[in-house]
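Report on one structure; see the data block that follows.
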Amino acid sequence: MAGALPLGDPAPADGALPRDLAVDPSADLGIYLHVPFCRVRCGYCDFNTYTSSELRGARQDEYADVLLQEIALARGVLADAGALRPAQTVFFGGGTPTLLPAGDLARMLDGVRDAFGIAAEAEITVEANPDTVSPGVAEELAGAGVTRMSVGMQSAVPRVLAALDRTHSPANVATAVAAGRAAGLDVSVDLIYGAPGETLDDWRASLDAALALAPDHISAYALIIEDGTKLARQIRRGEVPAPDDDLQADMYELADSLLGEAGYDWYEVSNWSQGEAHRSRHNLAYWRGTDWWGFGPGAHSHVAGLRWWNVKHPAAYAQRLAMGESPAAGRERPDAEATQLERVLLQSRIREGLAVDALPASARGAVAGLIADGLVEPAAAIRGRVVLTLRGRLLADAVVRALTD
């Protein structure tokens with residue numbers, strides 16, 4: 001399970017937003033629906049997820065009904081604040097959303113539609129484990145209004161999947177992608193690189209396999225070792241090697257090269273798409289800092305600079321809602337310095353970049369040095385945007401430090 005929740009101020013039992021919060025009712029609203037169930041916990045995973053033996057008083061077959069209670073509460077909160085507006089994006093994440101029956105996901109989506117409305121051209125994404133997607137599931141999701149499926153491929157090499165504790169069959173990735181395509185969905189595949197024992201040739205094989213499926217979108221994330229995970233304990237005991245930074249850099253450069261040659265454009269440090277129309281609009285909303293409400297245990301939300309997070313365990317989440325109370329465990333309003341740091345951290349990662357004039361005067365002088373170091377594109381800087389070069393993407397943390405120190 002994920003680590004401790006952040007520290008913050010107590011959240012009110014009714015979930016009401018502060019009266020002095022300046023909410024913009026014209027701002028885009030994204031909806032995140034967290035499904036916290038997994039068959040097996042992957043050794044690297046730090047997300048708020050639970051296997052059947054860890055539920056202790058919560059039931060998967062009741063989950064959709066419980067989450068619908070939070071949706072009803074949120075509608076009242078946003079209506080009272082004058083901030084009710086249609087969702088531009090909806091994202092089912094996890095965990096493994098497709099462990100639930102497609103009908104449950106459809107009911108949750110109907111709840112969003114009834115409470116807030118969903119924009120006519122909204123992007124609606126479901127994350128999926130390859131072993132849980134059949135043509136029937138994909139068709140039912142598409143019929144409910146889902147427009148996009150994100151398939152957790154991770155690797156095409158069985159021993160790399162084993163090192164990550166992934167249990168799906170590599171062959172089922174192609175089956176899931178084909179099912180999504182046949183149902184008329186946009187399809188993304190997610191990859192992870194840098195697993196213990198993974199070689200550059202292994203990574204090339206996974207990239208080649210992903211490209212052979214011709215998805216609309218590919219995500220490629222470097223393996224990060226999170227405290228408290230099984231993999232962190234294995235590394236600490238010397239049972240497996242820690243990720244090699246230089247090898248991960250080589251893997252990233254290989255991914256960018258092969259994906260670029262195949263017609264995929266990078267639009268965020270770890271994401272590539274076949275043209276702008278296939279970018280993940282929901283994730284772009286996070287990077288741009290717009291409003292979103294996260295539903296489910298441990299989910300985080302952000303409206304007009306106010307952040308809050310729900311209690312973690314599904315049983316505690318259900319109990320709060322059964323009592324007619326908000327499941328929020330705490331909330332905070334970051335100060336100007338923290339808000340600026342986050343803006344630089346997130347917006348510098350995307351292709352459109354960060355506006356130079358959004359930086360304080362003391363930081364603008366660092367842009368010239370970043371250009372000289374080959375980390376920022378000169379032409380973009382002349383147009384007033386900080387856009388990372390390939391080298392800059394590899395050293396994104398260094399860019400952020402230079403722009404915030």
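These figures come from a predicted structure and were not determined experimentally.
Checked by atom type and distance alone, the side chain of R85 pairs as donor or acceptor with a backbone atom of D24 at under 3.5 Å. Looking only at distances, a side-chain donor or acceptor of S301 sits under 3.5 Å from a matching main-chain atom of G294. With hydrogens and angles ignored, the 3.5 Å screen pairs a side-chain donor or acceptor of R233 with a backbone N or O of G228. A donor-acceptor pair is defined here as one N or O able to donate and one able to accept, closer than 3.5 Å; no such pair exists between the side chain of N172 and the backbone of T175. A donor-acceptor contact shorter than 3.5 Å is absent between the side chain of Q60 and the backbone of L100. Looking only at distances, a side-chain donor or acceptor of R41 sits under 3.5 Å from a matching main-chain atom of T49. Not a single donor-acceptor pair under 3.5 Å links the side chain of T89 to the backbone N or O of R281. Checking side-chain atoms of R333 against main-chain N and O of G305 turns up no donor-acceptor pair under 3.5 Å. The main-chain N or O of D357 is found under 3.5 Å from a side-chain atom of R364 such that the two form a donor-acceptor pair. Looking at T147, its side chain does come within 3.5 Å of a backbone N or O of I124 through a donor-acceptor pair.
Once rounded to the nearest 0.5 Å, the distance linking CG of L390 with CD of E253 reads 5.5 Å. With rounding to the nearest 0.5 Å, the separation of CD in Q154 from CG in L191 is 7.0 Å. Here CG of D291 is found 6.0 Å from NE2 of H302. Values are rounded to the nearest 0.5 Å. The OG1 atom of T125 sits 10.5 Å away from the CE atom of M149 when rounded to the nearest 0.5 Å. Going from atom CG of L164 over to atom CG of L231 covers 7.5 Å, rounded to the nearest 0.5 Å. The CG atom of N48 lies 11.5 Å from the OH atom of Y317; values are rounded to the nearest 0.5 Å.
Classified by interplanar angle (parallel below 30°, tilted 30° to 60°, perpendicular above 60°), the ring pair H282/Y286 is perpendicular. Aromatic ring orientation, F295 versus F116: tilted (interplanar angle from 30° to 60°).
With contacts defined as side-chain heavy-atom distances shorter than 4.5 Å, the pair V356/V386 qualifies. Side chains of R166 and Y44 form a contact here, defined as non-hydrogen atoms less than 4.5 Å apart. In this structure the side chain of V311 reaches within 4.5 angstrom of the side chain of R320, judged on heavy atoms. Contact annotation: the side chain of P360 approaches that of Q340 to within less than 4.5 Å [non-hydrogen atoms, C-beta and beyond]. For the pair Y193 and L207, the minimum side-chain heavy-atom distance is 4.5 Å or more. Contact annotation: the side chain of T98 never approaches that of V35 to less than 4.5 Å [non-hydrogen atoms, C-beta and beyond]. A 4.5 Å side-chain heavy-atom check between E325 and L73 finds every atom pair outside the cut-off. Contact check for M153 versus P130: no side-chain heavy atoms found under the 4.5 Å cut-off.
Residues that satisfy the side chain to side chain contact (heavy atoms under 4.5 Å, CB included) test with R349, not counting sequence neighbours, are E268, V269, S270.
For the pair R279 and D265, the salt-bridge criterion is not met [side-chain N within less than 4.0 Å of a carboxylate O]. Contact check on R393 versus D256 returns a salt bridge, with a Lys/Arg side-chain nitrogen under 4.0 Å from an Asp/Glu carboxylate oxygen. Under the 4.0 Å criterion applied to side-chain N and carboxylate O atoms, D202 and R159 are assigned as salt-bridge partners.
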*Between V367 and L403, does a side chain to side chain contact (heavy atoms under 4.5 Å, CB included) hold up when you go through it step by step?*
CA-CA 8 Å; V367 175; L403 295 176; 4.1 Å; yes
*For side chain to side chain contact (heavy atoms under 4.5 Å, CB included), just list the numbers for D250 and L254, CA-CA rounded to whole Å, side-chain angles, deciding distance to a tenth of an Å, and then say yes or no.*
CA-CA 6 Å; D250 290 342; L254 179 62; over 6 Å; no
*Between T290 and Q88, is a side chain to side chain contact (heavy atoms under 4.5 Å, CB included) present by the stated rule, with each step listed?*
CA-CA 11 Å; T290 59; Q88 300 295 320; over 6 Å; no
*What do the steps show when you test L388 against V399 for side chain to side chain contact (heavy atoms under 4.5 Å, CB included), and what is the final call?*
CA-CA 9 Å; L388 300 179; V399 174; 3.8 Å; yes
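Between A210 and V189 the shortest heavy-atom distance is CB-CG2, 4.1 Å. Considering every non-hydrogen atom in both F92 and L105, the closest pair reads CZ-O, 3.4 Å. Counting all heavy atoms, side chain and backbone alike, R331 lies closest to A16 at NH1-O, 2.8 Å. Contact between A87 and A122 at its shortest, heavy atoms only, is O-CB, 3.9 Å. Residues A402 and L370 come closest through the heavy atom pair CB-CD2, 3.9 Å. Closest of all the heavy-atom pairs between G57 and A315 is C-CB, 4.1 Å.
Tested against H217 for a ring pair (Phe, Tyr, Trp, His ring centres under 6.0 Å), the candidates W266, Y264, Y267, W272 yield a single pass: Y267.
For the residue pair H278/D186, the side-chain donor-acceptor check at 3.5 Å is satisfied.
Evaluation of the salt bridge (charged side-chain N to carboxylate O under 4.0 Å, His left out) test over residues 110-136, restricted to residues two or more places apart or in two chains, returns D110-R113.
Other residues, nucleotides and ligands place more than 12 heavy atoms under 6.0 Å from the CD atom of E239. Shown here is R19, whose CZ atom has no more than 12 heavy atoms of other residues, nucleotides or ligands within 6.0 Å. More than 12 heavy atoms of other shown residues, nucleotides or ligands fall within 6.0 angstrom of atom CG in L21.
Taking the six-membered ring where the residue is Trp, the centroids of H313 and Y50 are separated by under 6.0 Å. Taking the ring centroids of W309 and Y32, they lie at or beyond the 6.0 Å cut-off.
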